[in-house]
Number of protein chains: 4
Amino acid sequence: MLRARTVSDKDSRRQELLDAALDEFFERGFSAARMEDIAKRAGLSKGTLYLYFDSKDALFKAIIDALATPNLEVISAIATSAPSFSEALDRVAVFAPTVIRTSKLPRLMKVIVGDSHTFPEILIEYRQNILDRILGLFGELLSQAKAAGEIEVEDPYLAARIVMGPMLLSGLWHALFSDTPGGEVDLEKLFRMHASAMKKAFAPVENSQ
Amino acid sequence: MLRARTVSDKDSRRQELLDAALDEFFERGFSAARMEDIAKRAGLSKGTLYLYFDSKDALFKAIIDALATPNLEVISAIATSAPSFSEALDRVAVFAPTVIRTSKLPRLMKVIVGDSHTFPEILIEYRQNILDRILGLFGELLSQAKAAGEIEVEDPYLAARIVMGPMLLSGLWHALFSDTPGGEVDLEKLFRMHASAMKKAFAPVENSQ
Amino acid sequence: MLRARTVSDKDSRRQELLDAALDEFFERGFSAARMEDIAKRAGLSKGTLYLYFDSKDALFKAIIDALATPNLEVISAIATSAPSFSEALDRVAVFAPTVIRTSKLPRLMKVIVGDSHTFPEILIEYRQNILDRILGLFGELLSQAKAAGEIEVEDPYLAARIVMGPMLLSGLWHALFSDTPGGEVDLEKLFRMHASAMKKAFAPVENSQ
Amino acid sequence: MLRARTVSDKDSRRQELLDAALDEFFERGFSAARMEDIAKRAGLSKGTLYLYFDSKDALFKAIIDALATPNLEVISAIATSAPSFSEALDRVAVFAPTVIRTSKLPRLMKVIVGDSHTFPEILIEYRQNILDRILGLFGELLSQAKAAGEIEVEDPYLAARIVMGPMLLSGLWHALFSDTPGGEVDLEKLFRMHASAMKKAFAPVENSQ
DNA sequence: TATGAATGAGTCTTCATTCAT
DNA sequence: GATGAATGAAGACTCATTCAT
């Protein structure tokens, strides 16, 4: 392989390694993934991989770091920019299928679920920094919608789990089964139904006298 | 260790090994789990473990076999015995927290998600025999409720994923985080809200003239 | 298995175990042979085998002991009872094919060649007590025939190796190849030719003027 | 250990490993030989051995492959280049002692006899490709000599076994006993006698009127 | 920087041997 | 005496990591 001379060369090579690693971790699991395979997948040799990451552990952590924040931001953008709960659900219905199909998020979810045990402290950190944040955003959204009289809900932060549940299910399902016969799901239709269902689920009770 | 002489001795020892294995696979992942640790957790030696299971692979498959069907049946019982969709949701609200807290199902879910790659064929089989079945049961339930005019829903079998989503989320969450500070969730409240939300989500539109 | 009550019961059971062990050692080699398989082959359990032989090593040694002397005696009988070298060869021609085909000798030869390294001291002992003895008997036979003017030979004890060579070859060949296609040898014909060839090989030079 | 960088470095290291493996297989038998000992004997570590051979099995097969053909060729050269049976025997008398004392052939013979059971298919192949070929060469030699009136023999291809027998005996004997007291054999003398004995054994009957 | 040869700790699996029943 | 469950030492093989080139 040619040498990476410039800083941006190094950055892009680093990124290729992260991508390759996520793929291998996803396909084989952290323990079973081989450093040499990761390097090869990125078109490099085993030794070179170690110029970029000190260890397999470091590689794992780097993946989490590299993906957690951006993903959080995307989701955050959807949740916070929407003027209403209803509008947020519509945006989810539009974006979720694409995110599930094209982003690394579903693969990352699978890796985190599957290999979390390797670094318990990372798992806790991840939950606090990412998952709690995301649930908090949706909880906040519901909370504000409730305050605005848009919806009626007992505990907005718990309700966020009801809203997010189908997304997790769809993401993991896609990661695990999308390429097996009978494993395809019509995500567009599903999330259209999801938006509509959630709107009705939390709609204020009509007291129309 | 005392000797297992009778058939039932051997059965119970086999069961202890399966339990120990699920725990180890759950805590460390299939690859990283050590046969010796599994044996020790069951109070036996490495060699003895091999009297009961031919290999690590066989142990993994035995876990799936031993747990898949019973779990399917429990869920099936809830879904099919209910006289209505509404009643089924109420039952889920009652049982789900207990199942999530006390059964092996959440740990099994985590293991299957995390180590699915080890035996791709098992994963597919599991999806077809268990997951598709469960989703199918709920889909059927929704379908019948729709036919009975109890609910209004575009695609009952897709809607089943909306209903199941929060269960998966709660199960995995419990498996991963229930023992970490801040990871507890009020499952009773959550599933009460879930039942109520789902009832409203698919309630027929009131045409109140 | 029924208990061996009488002394002769025990003897015959011991013999069955020795036979089974020779078979397994022959088929798998000493290292790879499993005590359990030996026991099963004799219709007994692993534990019972240890009532008769203290260890795998002891079993190996017992085989040598049990077979070495009788075999030596049979050969000795042929070599010493013959009134002449010529007559001895004729008897070999008659007996060798049967011995090769039906006795344990060829299998024993293979085991000794193959697993001798396990017990170097046994190998040396075996050479001295059995092989040197057999070669010595034939050497003696040749020596006497030379003294009697029946044959002409430079070194009778070395010549014995020329006479014995084809027997070893045929024995090992039979042990290794007799049951594979194309591995059969017409032993009767071979040893008839052998007898005739050896008679001529060592015949005194005719100085018939 | 220094690194093998060039192709020829790797070739020679491979050869060292083959030599070490033959030694270990010869001394301990295939089953009992330890990969680590083989590696150490070649001055390498266990892991490095696996860079050159995929498995213990592969190592065994590689030994056969590496030695079978060259040995066949040497023998073939002696057998086919001789102008007469008599001349061939004289050449054998010259070469056999050296081959037995210095080549790997006797050790290989012992390994093949002793560990044949490990790979039955290799054994059959070896018999067909090497042993049958060698016996065939000598058979052919005898056959031509017979046609030329040099010798008189009923079945030249069977007679080859009579000629070869002492070579096998001497080879195995040397491999097993040459380094034990009393195990030395005067090979030069033996093969001189062998040549002379075989010439006489198959000499045409003098019909001297 | 980049490479891949070398290493050895770590893990699955086998099996001789023991011993409770 | 007979059995086979239990044990743990031993060995094949893998792979993260190092480092000479």
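Lettering of chains follows the sequences in order, A, B, ..., and the numbering in each one begins at 1. All values below come from the heavy atoms of this structure, side chains included, with hydrogens, waters and symmetry mates left out.
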For residues 118-126 of chain A, run the donor-acceptor check on the side chains, cut-off 3.5 Å, and write out each pair with its distance to 0.1 Å, sequence neighbours left out.
residue, atom, partner, partner atom, Å
T118(A), OG1, D115(A), O, 2.8

Pair up each side-chain donor or acceptor in residues 36-44 of chain A with any protein partner under 3.5 Å, not counting sequence neighbours, and list the distances.
residue, atom, partner, partner atom, Å
D37(A), OD1, R34(A), NH1, 2.9
D37(A), OD2, R34(A), NH1, 3.1
R41(A), NH1, E24(A), OE2, 2.6
R41(A), NH1, E27(A), OE1, 3.3
R41(A), NH2, E27(A), OE2, 2.9

**Message:** Can you classify the ring geometry of F30(B) versus F60(B) as parallel (below 30°), tilted (30 to 60°) or perpendicular (above 60°)?
**Reply:** perpendicular
**Request:** Working to the nearest 0.5 Å, report the span between CG of L51(C) and OG of S45(C).
**Result:** 8.0 Å
**Message:** Closest approach to the side chain of L44(C), judged atom by atom: which nucleotide of dA16(E), dT3(E), dT3(F) is it?
**Reply:** dT3(F)
**Prompt:** For L49(C) and R34(D), take the nucleotide of DNA chain F holding the closest heavy atom to each; which residue's nucleotide lies nearer the 5' end?
**Reply:** L49(C)
**Item:** Residues forming a salt bridge (charged side-chain N to carboxylate O under 4.0 Å, His left out) with R14(C), sequence neighbours excluded
**Value:** none
**Message:** By nearest atom, which of the nucleotides dA5(F), dA2(E), dT13(E) is closest to the K46(C) side chain?
**Reply:** dA5(F)
**Request:** Report the distance from atom CE of M35(A) to atom P of dA9(E), rounded to the nearest whole Å.
**Result:** 20 Å
**Message:** With the threshold set at under 4.0 Å for non-hydrogen atoms, list the residues of residues 50-60 of chain D touching DNA chain E in residue-number order.
**Reply:** L51(D), Y52(D)
**Protein-nucleotide distance (D9(D), atom CG; dT21(F), atom P), rounded to Å** = 11 Å
**Item:** Residue of the set I112(B), I63(B), L22(B) for which side chain to side chain contact (heavy atoms under 4.5 Å, CB included) holds with R107(B)
**Value:** L22(B)
**Request:** Take S45(D) and F30(B), find for each the nucleotide of DNA chain E with the closest heavy atom, and name the residue whose nucleotide sits nearer the 5' end.
**Result:** S45(D)
**Request:** To the nearest Å, give me how far apart CD (E24(D)) and P (dG11(F)) are.
**Result:** 12 Å
**Prompt:** OP1 or OP2 of dT1(E) less than 4.0 angstrom from a side-chain nitrogen or oxygen of R13(A), does that happen here?
**Reply:** no
**Item:** Nucleotide dA2(E), atom P - distance to CD of E16(A) in whole Å
**Value:** 12 Å
**Asked** Once you round it to whole Å, what is the distance between P of dT17(F) and CD of E36(A)?
**Response** 14 Å
**Request:** Would you indicate what A33(B) reaches in the nucleic acid, counting non-hydrogen atoms under 4.0 angstrom: base, sugar-phosphate, or nothing?
**Result:** sugar-phosphate
**Request:** Tell me, please, which residues at least two apart from D65(C) pass side-chain hydrogen bond (donor to acceptor under 3.5 Å, both in side chains).
**Result:** none
**Side-chain heavy atoms of F26(B) within contact of L108(B), under 4.5 Å** = no
**Watson-Crick or G-U pairs under 3.5 Å in DNA chain E, rendered as dot-bracket with [ ] for crossing pairs and | for another strand** = .||||||||||||||||||||
**Asked** Looking just at side-chain N and O atoms, do D11(D) and Q15(D) make a donor-acceptor pair shorter than 3.5 Å?
**Response** no
**Prompt:** Side-chain N or O of T48(A) less than 4.0 angstrom from OP1 or OP2 on dT3(E)?
**Reply:** yes
**Prompt:** What nucleotide, of dA5(E), dG10(E), dT7(F), holds the atom closest to the side chain of K10(D)?
**Reply:** dA5(E)
**Complete:** K40(C) NZ to dA2(F) P, in whole Å, measures 18 Å
